[in-house]
Structures are given as structure tokens and as C-alpha cells.
Amino acid sequence: MTRDRSRPDRRQVRCRLTPAGDQLLATLDPVMDDTDIATMSVLNDEALAQFIELLATVRTGQA
């Protein structure tokens, strides 16, 4: 990853993924996807739907 300060606003930091970082993510993404699937597999369809609804409530801040 590379980082540099924005010229108009030095409070802003721009980050860019390097080719090496992109390769690392390509290696890690399938492992994380498999982990997510394994973790959520304990929920049945009804529980998963409720979990998704709760996450949406937290994300939007609206019950």
C-alpha cells in the first residue's frame, strides 16, 4: 500500500493498493470467504434472515 497526503487538503490521506498488496488479497479472499461460510453455517434460514435484518438496522441506525 502506498500513502500520500492530498495537496488541497493535507488532512486527507490517499491510500493505494500496490501490486503486492493486490496479490496478497487475492490469496486471502478465498480463505476469508470460506471462514465466513463456515461461521454462518450454524444459522438456519430463519436465523440468518433475522441476523441480516439486525445488521441492516445497525448499519442504517433505524429500528
Side-chain angles (χ1 to χ4, degrees):
M1 177 173 67
T2 62
R3 295 172 32 169
D4 65 283
R5 294 263 178 208
S6 171
R7 298 295 172 228
D9 184 350
R10 301 229 1 109
R11 295 172 295 174
Q12 187 179 46
V13 178
R14 296 180 183 193
C15 300
R16 292 181 185 86
L17 194 59
T18 62
D22 194 36
Q23 287 178 347
L24 178 61
L25 283 178
T27 302
L28 294 176
D29 278 345
V31 175
M32 294 307 298
D33 289 344
D34 290 346
T35 302
D36 289 343
I37 290 168
T39 301
M40 293 296 117
S41 70
V42 300
L43 300 176
N44 62 28
D45 290 343
E46 183 180 338
L48 184 58
Q50 184 179 14
F51 182 60
I52 291 169
E53 187 176 322
L54 290 169
L55 288 174
T57 299
V58 170
R59 185 178 64 247
T60 62
Q62 297 177 9

Distance check, rounded to the nearest 0.5 Å: [X] atom [atom1] versus [Y] atom [atom2]?
| X | Y | atom1 | atom2 | answer |
| --- | --- | --- | --- | --- |
| Ile52 | Thr57 | CD1 | OG1 | 12.0 Å |
| Thr18 | Arg16 | OG1 | CZ | 12.0 Å |
| Gln50 | Asn44 | CD | CG | 9.5 Å |

Fill in: Partner of Asp9 under side chain to side chain donor-acceptor pair (under 3.5 Å), chosen from Gln12, Arg11, Arg5
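With Asp9 as partner, Gln12, Arg11, Arg5 yield a single side chain to side chain donor-acceptor pair (under 3.5 Å), made by Arg11.
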Which atom pairs, one a donor and one an acceptor, fall under 3.5 Å between side chains of residues 20-40 and the rest of the protein, sequence neighbours left out?
from  : atom 1 : to    : atom 2 : distance (Å)
Thr27 : OG1    : Gln23 : O      : 3.1
Thr35 : OG1    : Val31 : O      : 2.9
Thr39 : OG1    : Thr35 : O      : 2.8

Item to complete: Go through the structure and list residues passing side chain to side chain donor-acceptor pair (under 3.5 Å) with Arg59, not counting sequence neighbours.
Response: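 Counting only residues at least two positions away or on another chain, Arg59 forms no side chain to side chain donor-acceptor pair (under 3.5 Å).
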